[in-house]
Number of protein chains: 2
Amino acid sequence: MGRLEMSGEDNLLRLVEAEDGDENNYHLQDQVGFILRKAHQRHVSIFASHIGDLTPPQFAALAKLHDIGETSQNQLGTLIAMDAATVKGVIDRLKARDLVEVSKHEVDKRRLLVNLTPKGREAIERLIPLARAITEETLAPLTAKETATFLRLLAKLA
Amino acid sequence: MGRLEMSGEDNLLRLVEAEDGDENNYHLQDQVGFILRKAHQRHVSIFASHIGDLTPPQFAALAKLHDIGETSQNQLGTLIAMDAATVKGVIDRLKARDLVEVSKHEVDKRRLLVNLTPKGREAIERLIPLARAITEETLAPLTAKETATFLRLLAKLA
DNA sequence: CTGATATCATTTGCATACGAATGAATTTGA
DNA sequence: TCAAATTCATTCGTATGCAAATGATATCAG
């Protein structure tokens, strides 16, 4: 790969390649997937330092319910990007803490309607300002201009 | 917030705010954490479609071992951004499939050394080209210039 | 109208991910 | 030197996250 010219340093390169194989120049830390995973981990850690008793998925469920009101469990999952199995666990745990309540759909008996309880509404309204701080801290390494660019490009990938 | 002028539409706005509270303008889908989570999900899905029998963390462990050679389980975890409990599970599963092998450190009896088996080396060398395709597909929505910008900014956040 | 499809929810199984607690081994510092 | 602090690995508990299978209900097509 790129063996267009032969200099003294290329001999060393040849030795290294002979030792480690030609895939030696693959570096995990440069791969978008690996960096994406780390950036996500950092965000979750920042989130936890601000909001200790709720996870990001739980927060997402409450925030979305606050935004759109009662909806089916499945529809909620679609809106917050969770598959059916995952959203069930999240709702079960919020239900156990009396932050949401569920009820059967009158007409379509397959559907499980989910809604905020008063306690859940109080909680999410109290937490949304903290969420803004979390976003700010997550993006702190970037300038305002970089942030705008980053969010635009990130959205393209999501 | 921003109630500087009073037009006809502001009456409607007041009604909406009275109904939903002043935090009505918080939208989950604009938050960096939520988009980050979705982008990561998309990448994992692309990864799985190319490499079905290995997860991204398992791949990361093999790729790092291939890059640096034998190392301790803990050190490996640091290099691939996994805490001790997580890396243990990953290594256990790779060990069960004979892709890595572990041994005791001669001097420091606390350490567990991890290394690729021949089978593991063969596997990772075969998979690295696929990983390049995965990266490409993940970044496909961006132009080359956007990709460079995105990776630079993402690295700042990770 | 009814059989084929599709949708909604649940369950199971597996794989991260991390906090906290524990135990063994090593290093440090007074 | 030896007690305190640190490091390495393990275990436990909890929480996503997803594939696949299942059952109940609803919709569609002929």
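The structure displayed is predicted, hence computed values, not measured ones. Every heavy atom of this structure was used, including side-chain atoms; hydrogens, water molecules and symmetry mates were not. Naming convention: chains lettered A, B, ... in sequence-line order (proteins, then strands); numbering from 1 in each chain.
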Q: Specify the separation, in whole Å, of atom CZ of R42(A) and atom C1' of dC18(C).
A: 18 Å

Q) How close or far is atom P of dA15(C) from atom CZ of F47(B), stated in whole angstroms? A) 14 Å

**Q.** Options dA15(D), dT16(C), dA24(D), nucleotide nearest the side-chain atoms of Q58(B)
**A.** dT16(C)

Q: For V44(B), report the nucleic acid contact type (base, sugar-phosphate, nothing); a contact means any heavy atom under 4.0 Å.
A: nothing

Q. Which part of the nucleic acid does S45(A) contact within heavy-atom distance under 4.0 Å: base, sugar-phosphate only, or nothing?
A. nothing

**Q.** Partners meeting ring-ring contact (aromatic ring centres under 6.0 Å, His included) with F34(A) (sequence neighbours left out)
**A.** none

(Q) Please classify the nucleic acid contact of T86(B) as base, sugar-phosphate, or nothing, using heavy-atom distances under 4.0 Å. (A) base

Q: Counting heavy atoms from C-beta on, name the nucleotide in dA24(D), dA17(C), dT10(C) closest to the side chain of Q41(A).
A: dA17(C)

Q: Please state how far atom CG in D53(A) lies from atom P in dG19(C), giving the value in whole angstrom units.
A: 16 Å

Q. Is D83(B) touching bases, backbone alone, or none of the nucleic acid, heavy atoms closer than 4.0 Å?
A. base

Q) What nucleotide among dA26(D), dT10(C), dA25(C) has an atom nearest to a side-chain atom of K109(B)? A) dA25(C)

Q.
So does A81(A) get a backbone contact from the side chain of Q41(B), meaning a donor-acceptor N/O pair under 3.5 Å?
A. yes

Q.
Tell me the interatomic distance from R97(B), atom CZ, to dC14(C), atom P, rounded to whole angstroms.
A. 14 Å

Q: Could you say whether D108(A) or A81(A) is positioned toward the 5' end of DNA chain D, judged by the nucleotide with the nearest heavy atom to each?
A: A81(A)

Q: Say whether T117(B) and E101(B), considering side chains only, have a donor N or O and an acceptor N or O under 3.5 Å apart.
A: no

Q. Among the nucleotides dT10(D), dC8(D), dC8(C), which one has an atom lying closest to any side-chain atom of N74(B)?
A. dC8(D)

Q: Compare all side-chain heavy atoms of I124(B) with those of L99(B) and state whether any distance is below 4.5 angstrom.
A: no

Q: Could you tell me whether E125(B) and R121(B) have a side-chain N and a carboxylate O separated by less than 4.0 Å?
A: yes

Q. Taking the nucleotide of DNA chain C with the closest heavy atom to each, which residue, V107(B) or L112(A), is nearer the 5' end?
A. L112(A)

Q) For M82(B) and dC18(C), what is the distance between atoms CE and C1' respectively, to the nearest whole Å? A) 13 Å

Q.
Nearest whole Å is fine: how far is dA17(C) C1' from R93(B) CZ?
A. 11 Å

Q. Out of dA9(D), dC8(D), dT11(C), which has the shortest distance to the side chain of R110(B)?
A. dC8(D)

Q.
Between P on dA21(D) and NZ on K88(A), what's the gap in Å once rounded to a whole number?
A. 21 Å

Q: Return the nearest nucleotide to the side chain of A85(A); candidates are dC18(D), dA17(C), dA9(D).
A: dC18(D)

**Q.** Earlier contact from the 5' end, DNA chain C, for P56(B) and R111(A)
**A.** R111(A)

Q) To the nearest Å, how far apart are L94(A) CG and dA15(D) C1'? A) 12 Å

Q) Would you call R126(B)-E122(B) a salt bridge at under 4.0 Å N-O? A) yes

Q. Among the nucleotides dT16(C), dG17(D), dT10(C), which one has an atom lying closest to any side-chain atom of T55(B)?
A. dT16(C)

